[in-house]
Amino acid sequence: MKTTMPAVQAKPNILVLATGGTIAGSAASAAATTGYKAGALGVEALLSAAPEIQHCANVTGEQICSIDSKDMTDSIWLQLARRCNEALAGSGVDGIVITHGTDTLEETAYFLNLTVHSEKPVVLTGAMRPATAISADGPMNLLNAVRVAAYRQAAGQGVLAVLNDQIHSARDVAKTHTTSVETFRSPELGALGRVNGGVPEFYRSSLRLHTLQSEFDVSRLASLPYVKVIYGTANDDALFVDAAVGAGVRGIVYAGTGNGSVHKDAEAALAMAAAAGVVVVRSSRTGSGAVIPAEPSYREHHLLDGDSLNPQKARVLLQLALTRTDDLKKIQEMFHKY
Ligand code: SIN
């Protein structure tokens, strides 16, 4: 009797780009979870801490930088976007995993969500405990990130963040706790899926535009527009707005109270900034919910609504928006599309 062998599926090729962070952190003792050096270990050390990843993919590593992600720069973002686009354009790479510090992971993820033009999965991961700690979370997060990057259904979902067994959309994910391993959440909207017992499972997808549908092309840019976040508080005033305008910013994200509310003294300064051509977006310091039209004066003063992006992500979108246009109507539309 003739038997047919089942077709052997080739393992996908996954490129791991390492940038540093606690996942590559080294402390003096195994009990230490603070006071360590982030970004101390290279990509080969990260890969060898989770040898199981070679079972689900052919993995190669590349070191982009070795930083604590609080020190992330626009120039590393541009380098990462270019490297992802270049690697994913060829047939030799089926997906990318980026190891990253958790502090600014959500910002890098959202930047890449809007500047990588490929359906192939791009997954960011990190860790809350240094690699040298008892119960370090990095190796399992890295393994799960590779599993998701190698998973067919992850294609076309936009850039993803995979930590603590959860799969989040780059647009919605935020770091919400200072030290807990359960820190990444997508406030209000929820995660896209989970890695259940080692198997990725998607339950929903984001409808906001990303990757292939994004209009932002940073391939020829050497820098990004200068945009600052100003944090609103009781007793606020014009000081930081005036300083930002004096320093030549092209955009200001105001992290307002409640529904992006602006102190009257800061509003007077923002109105002057907007009249001088600085693009101003109202966001919220509350941590969840959309900033929607409120006071008529905000419209009169041309202060745009930041929708449900947190202030640090509103800054990313405003930077990219300003690479395309100064038209306030078009920029407002972008905040409802991306
Ligand atoms: C960093 O963001 O590089 C340090 C903190 C972390 O990765 O958890």
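FYI, side chains are in, hydrogens and waters are out, and symmetry mates aren't considered; it's all heavy atoms of this structure. Whatever order the structure lists ligands and atoms in, that order sets their numbers, starting from 1.
- Taking all heavy atoms of T183, T102, I67, T34 into account, the minimum distance to atom 7 (O) of ligand 1 is reached by T102.
- Counting all heavy atoms, side chain and backbone alike, L41 lies closest to G25 at CD1-O, 4.3 Å.
- Looking at atom 2 (O) of ligand 1, its nearest protein heavy atom turns out to be S69 OG, 2.6 Å.
- Taking the six-membered ring for Trp and thresholds of 30 and 60 degrees, F202 and Y151 have nearly parallel ring planes, at less than 30 degrees apart.
- Considering backbone and side-chain N/O atoms, T104 never comes within less than 3.5 Å of an N/O atom of ligand 1.
- Short contacts between ligand 1 and T22, defined as distances under 4.0 Å to a heavy atom of the residue, involve ligand atoms 4 (C), 5 (C), 6 (C), 7 (O), 8 (O).
- Ligand 1 lies within reach of A127, whose nearest heavy atom is under 4.0 Å from it.
- For ligand 1, the atoms lying closer than 4.0 Å to a non-hydrogen atom of D68 are 1 (C), 2 (O), 3 (O), 4 (C).
- When the side chain to side chain contact (heavy atoms under 4.5 Å, CB included) test is applied to L239, the partners found at least two apart in sequence or on another chain are D237.
- For the side-chain hydrogen bond (donor to acceptor under 3.5 Å, both in side chains) with E106, the lone residue among K175, H100, K313, Q312 that qualifies is Q312.
- Remark: E107 engages no residue in a side-chain hydrogen bond (donor to acceptor under 3.5 Å, both in side chains) (not counting sequence neighbours).
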